[in-house]
Engineer: 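Quick one: this structure, given as structure tokens, is what I'll be asking you about.
Everything quoted here is computed from the prediction, not taken from an experiment. Note that ligands are numbered from 1 as they come in the structure, with each ligand's atoms numbered from 1 the same way.
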Amino acid sequence: MSFSKKLKQKLRSGLSFLHRDRPAILGFLFHGLFEDREEIAANHVDAQQAITREQMRLFIEIFLEAGYDFISPEQEDSKLTTTGKYACITFDDGYANNLRMVALLEEYDIPATFYITTGNVEQQECFWWDVVYRERIRRGAQKTDISREQKMLKEKHHLDIITYLLREFGDTCLLPWSDTDRPMTIEELKEFSAHPLVHIGNHTRNHYLLDQYGYSEILEQIQLAQIDISNWTGRTPVSIAYPNGNYSPVAAKAAANSGLQRGLTLQKIKNHPPMDGNFQIGRFTLWGNQEIRTQCNVFRSDIPL
Ligand SMILES: [Zn+2]
């Protein structure tokens with residue numbers, strides 16, 4: 001981190017003592033949950049926030065110590081109070097490494113919500129951004145060039161992204177390498193979802209960035225995932241996490257018309273009850289390469305990041 005960024009963070013952290021812990025619902029987004037730094041360094045996935053189990057533990061303890069209740073974004077409004085301080089742990093995509101959360105959820109007796117891209121689960125195919133990342137890393141590419149390529153691909157139709165991957169990296173490039181990169185299986189999801197502390201949400205069928213598609217394609221992506229999840233788990237999600245956080249009014253309309261009541265974005269904002277009908281719920285992101293406590297202090301304040 002640059003000196004000026006560090007200084008700014010310190011300043012925000014200091015100021016945040018003055019404006020901390022006003023009643024709100026704070027959402028947090030995670031992707032993978034890694035055993036340790038070595039697993040991240042193996043470069044099987046683009047680790048994104050790169051949060052290890054120990055960092056997750058620290059994050060949970062900081063919020064528990066500060067008097068927060070952990071809830072799911074699917075928590076019924078009747079159980080929320082306007083004076084309550086709530087935190088929501090959410091994981092996007094459906095990585096098998098998320099199954100590691102169960103031990104922590106049990107230890108602290110807190111819930112978490114997992115937003116599943118059902119096509120990857122069913123096909124047992126890796127997520128496209130991980131394929132780009134690991135294939136380029138093993139060819140010696142620089143991380144800045146890899147993220148430029150990922151950004152370029154995000155502009156394309158999903159089917160064109162897959163065609164691009166197969167052409168660039170070969171027919172087997174989507175196959176998992178390990179438990180780090182693979183999506184959970186249908187069987188695993190079934191068992192996982194039956195756990196009382198685990199909630200399952202919609203993350204579309206194929207991770208379409210919904211603001212880039214028309215209504216009918218959006219509706220299909222959302223409804224297929226609703227059907228998959230209810231077929232596999234016997235429960236129908238109440239909330240959707242828009243892939244990549246890409247919200248649009250059309251996506252919210254399609255979600256509402258698919259029976260969903262809540263939508264999660266990546267806007268760095270605090271939320272307030274009621275949650276039903278809120279299709280722009282904000283979430284914060286915690287980074288494994290920065291001090292966890294400092295970041296938590298900033299999230300808990302009313303100083304915008
Ligand atoms: Zn995602």
Engineer: Quick one about Asn257 and Tyr215 (side-chain donor to acceptor, distance below 3.5 Å, no hydrogens or angles considered), yes or no?
Structural biologist: yes

Engineer: For Phe28, which of Trp287, Tyr86, Phe59 qualifies under ring-ring contact (aromatic ring centres under 6.0 Å, His included)?
Structural biologist: Phe59

Engineer: Pull up every protein N/O/S atom sitting under 2.8 Å from the Zn ion (ligand 1), skipping waters.
Structural biologist: Asp93 OD1, His203 NE2, His207 NE2

Engineer: Are Leu64 and Leu105 connected, step by step, through hydrophobic side chains (Ile, Leu, Val, Met, Phe, Trp, Tyr) whose heavy atoms are closer than 4.5 Å?
Structural biologist: yes

Engineer: Which residue, Val45, Asn43, Val131, forms the side-chain contact (heavy atoms from CB on, under 4.5 Å) with Asp181?
Structural biologist: Val45

Engineer: Hey, would you say the Tyr213 and His158 ring centroids sit under 6.0 Å apart?
Structural biologist: no

Engineer: Please determine which of His44, Glu188, Glu125 meets the side-chain hydrogen bond (donor to acceptor under 3.5 Å, both in side chains) test together with Arg182.
Structural biologist: Glu188

